[in-house]
Amino acid sequence: MAYYYPEPSHTFSEYLLVPGYTSEECIPDRVSLKTPLTKYRKGFEEPAISLNIPLTSAVMQSVSNDTLAIALAKEGGISFIYGSQTIEDQAAMVRKVKNYKAGFVVSASNLTPDATLADVLALKKRNGFSTVAVTEDGTATGKLLGIVTSRDYRVSRMNPTDKVADFMTPRAKLVTAPKETTLKQANDIIWDHKLNSLPIVDDEDHLMYFVFRKDYSSHKDNPLELLDAEKRYLVGAGINTRDYAKRIPALLEAGVDVLVIDSSEGYTCWQANTIKWVRDNYGDTVKIGAGNVVDKDGFRFLAEAGADFIKVGIGGGSICITRETKGIGRGQATAVIDVAAARDEYFAETGIYVPICSDGGIVHDYHMTLALAMGADFMMLGRYFARFDESPTNKVMINGAYMKEYWGEGSNRARNWQRYDLGGSTKLSFEEGVDSYVAYAGSLHDNVEASLYKVKSTMCNVGVTNIPDLQRDAKLTLVSSVSIVEGGAHDVTIRSTSSHKG
């Protein structure tokens, strides 16, 4: 006879937080949302990677490309670049994120003096950078001969065949700095000489790095930005359980900081085999998350397999129809609560804290706070990020309103069969996701700032100023269907047409 759970599984909308005592010290500006991304020995060491905000973007074609990854890293979260593309294209996206922002940037656009204006324009179109280093051999570390920026040419008054040597700013007119220059010194030189970029050269005048004015300004505007030891943005990438032996080395060469196995169901031998391959080849130096699971058994399996974090949730995504088509899954709130208890039990036994990620089921902003209170260390969001300017999809007009395209990895449009791989044929036999639209919402920065202010405000209502205290002190209550109705506007006629969602 099958096992029957004694209680039904619940969604986030079926719970409310009960307020606690709020002291004068507890104000939103003092709330920290820092949270671990990878496993660690809690109480004895710091995590190898932590997030400054508990948000990650989903491993989806319609969500996580390099543009969104850069925008989210500026806020303090991390994106997982989608894996349902060629290895070369995914690695290129990772490389763009790692090269976009750094204290010392290896030049990504390089030409020889014999190149032409057409070459400059083609290079700018391909990688988006306006600063081109002109070196003796056309490499990022060649002898520096000059620089070309948009101020050095006028397309309307020049010929595409004009040589770079004729219009570049030559080496003799460049302000440079030696290899011993610190980042602070470099920024001082930039300000003193009113530069947009400063080349760093070695003793033989070979180009080593650039330091850019915009990077200094960006850091001041984004104090929570998520950076590695070299001041580059952190970025993750999704992998599958088929081509990982080829994909992972390419992603690591591109500079990826963390990987995650992208799968609709993680309690499988294929995920364990993938993690084992990583540990056998790279030890603990490569960080890899796994999932998805919805109960204690699934968590324990992946934790013992060596996962650095574990994703929770099956069938709760807004574009996911796995529950409809296959009849598997669990209410997201119940799944998070159950897996969080398993995580704490595993920590008590081993001393190793394996963070868990709530993936799916977030409809309103307050659901974020509930997920954290129920034990999630961070969340993975798809629909939420798909609405923003920085997502890779088209903005279209539908019935007089702007929308953004949004489709699931299990849809016919994505055809990401590897995500649903059960060891059989290499095709998508039936759909587990839909193709849809979501309401356009503007910039990522403005929306994330507003959403997380709500989270911080609610945490102050509970009487806490950090996520661990929220998980320890929060009081949660189930609500009835009548109580849910009572919680919204009712028995009145609304004058405004603005949405009350969020």
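- For K456 and Y453, the positive end is not near the middle of the six-membered ring at less than 6.0 Å and at most 45° from its axis.
- A donor-acceptor contact shorter than 3.5 Å links the side chain of S263 to the backbone of E265.
- Taking 4.5 Å as the limit, some side-chain heavy atom of I147 sits within range of a side-chain heavy atom of L174.
- The aromatic rings of W277 and Y282 sit perpendicular to each other, their planes meeting at more than 60°, with 30° as the lower class boundary.
- At a threshold of 4.5 Å between non-hydrogen side-chain atoms, the residues T116 and V120 do not count as touching.
- Inter-residue side-chain proximity for K39 and P355 is flagged as met; some heavy-atom pair is nearer than 4.5 Å.
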Report the C-alpha distance between D359 and M379 in whole Å, list the side-chain angles of each, state the deciding distance to 0.1 Å, and finish with yes or no for side chain to side chain contact (heavy atoms under 4.5 Å, CB included).
-> CA-CA 6 Å; D359 179 14; M379 292 154 281; over 6 Å; no
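- With sequence neighbours left out, D202 forms a salt bridge (charged side-chain N to carboxylate O under 4.0 Å, His left out) with no residue at all.
- Using a 3.5 Å distance cut-off with no hydrogens or angles, the side chains of Y233 and D228 do not pair a donor with an acceptor.
- Under the salt bridge (charged side-chain N to carboxylate O under 4.0 Å, His left out) criterion, D469 pairs with R472, not counting sequence neighbours.
- Checked for salt-bridge contact, R171 and D205 meet the test: a charged N lies under 4.0 Å from a carboxylate O.
- Take A165 and apply the side-chain contact (heavy atoms from CB on, under 4.5 Å) test, not counting sequence neighbours, and it matches P113.
- A centroid separation of 6.0 Å or more is found between the aromatic rings of F301 and F299.
- For K276, the NZ atom is loosely surrounded, since the number of other residues' heavy atoms within 6.0 Å does not exceed 12.
- Under the salt bridge (charged side-chain N to carboxylate O under 4.0 Å, His left out) criterion, R95 pairs with E253, not counting sequence neighbours.
- Residues forming a side-chain contact (heavy atoms from CB on, under 4.5 Å) with E304 (at least two apart in sequence, or on another chain): R300, Y346.
- A salt bridge does not link D389 to K404: none of the charged nitrogens lies less than 4.0 Å from a carboxylate oxygen.
- Of the N and O atoms on the side chains of K34 and N52, not one donor lies less than 3.5 Å from an acceptor on the other residue.
- The closest side-chain heavy-atom distance from Y353 to P36 is below 4.5 Å.
- Under 3.5 Å, the side chains of S130 and S150 contain no donor-acceptor pair of N or O atoms.
- At a cut-off of 3.5 Å, with distance as the only test, no side-chain donor of T67 or E390 sits close to an acceptor on the other residue.
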Can L33 and V455 be said to form a side chain to side chain contact (heavy atoms under 4.5 Å, CB included), step by step?
-> CA-CA 9 Å; L33 294 178; V455 173; 4.2 Å; yes
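- Enclosure of atom OH in Y209 is not indicated, since only 12 or fewer non-hydrogen atoms of other residues, nucleotides or ligands lie within 6.0 angstrom.
- In the model, T112 has no side-chain atom that pairs as donor or acceptor with a side-chain atom of D114 under 3.5 Å.
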May I have the step-by-step check of side chain to side chain contact (heavy atoms under 4.5 Å, CB included) for V164 and V148, ending in yes or no?
-> CA-CA 8 Å; V164 165; V148 173; 3.8 Å; yes
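- In the displayed structure, E45 atom CD is contacted under 6.0 Å by more than 12 heavy atoms of other residues, nucleotides or ligands.
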Determine, step by step, whether D308 and R279 satisfy the salt bridge (charged side-chain N to carboxylate O under 4.0 Å, His left out) criterion, reporting the C-alpha distance in whole Å, the side-chain angles of both residues, the deciding distance to 0.1 Å, and the verdict.
-> CA-CA 11 Å; D308 283 292; R279 297 297 176 235; 2.7 Å; yes
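- Between the side chains of Y406 and R383, no donor-acceptor pair of N or O atoms lies under 3.5 Å.
- A donor-acceptor contact closer than 3.5 angstrom links the side chains of T169 and D152.
- The salt bridge (charged side-chain N to carboxylate O under 4.0 Å, His left out) search around D192 returns none, not counting sequence neighbours.
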Please step through salt bridge (charged side-chain N to carboxylate O under 4.0 Å, His left out) for the pair K143 and D137, ending with a clear verdict.
-> CA-CA 7 Å; K143 188 172 182 179; D137 59 3; over 6 Å; no
For D203 and K179, what are the C-alpha separation, side-chain angles and deciding distance, and is it a salt bridge (charged side-chain N to carboxylate O under 4.0 Å, His left out)?
-> CA-CA 8 Å; D203 295 336; K179 62 183 180 181; 3.5 Å; yes
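- In this structure the side chain of D377 never reaches within 4.5 angstrom of the side chain of C357, judged on heavy atoms.
- Residues S451 and Y384 have side chains that bring a donor and an acceptor to within less than 3.5 angstrom of each other.
- Proximity of the aromatic rings of F44 and Y40 is defined here by a centroid distance below 6.0 angstrom, and this criterion is not met.
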Determine, step by step, whether M403 and I398 satisfy the side chain to side chain contact (heavy atoms under 4.5 Å, CB included) criterion, reporting the C-alpha distance in whole Å, the side-chain angles of both residues, the deciding distance to 0.1 Å, and the verdict.
-> CA-CA 6 Å; M403 311 289 284; I398 304 291; 3.7 Å; yes
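- A distance-only check finds a donor-acceptor pair linking the side chain of Q90 to the backbone of G238 [under 3.5 Å].
- A cation-pi contact links K42 to F347, judged by a cut-off of 6.0 Å to the six-membered ring centre and 45° from its axis.
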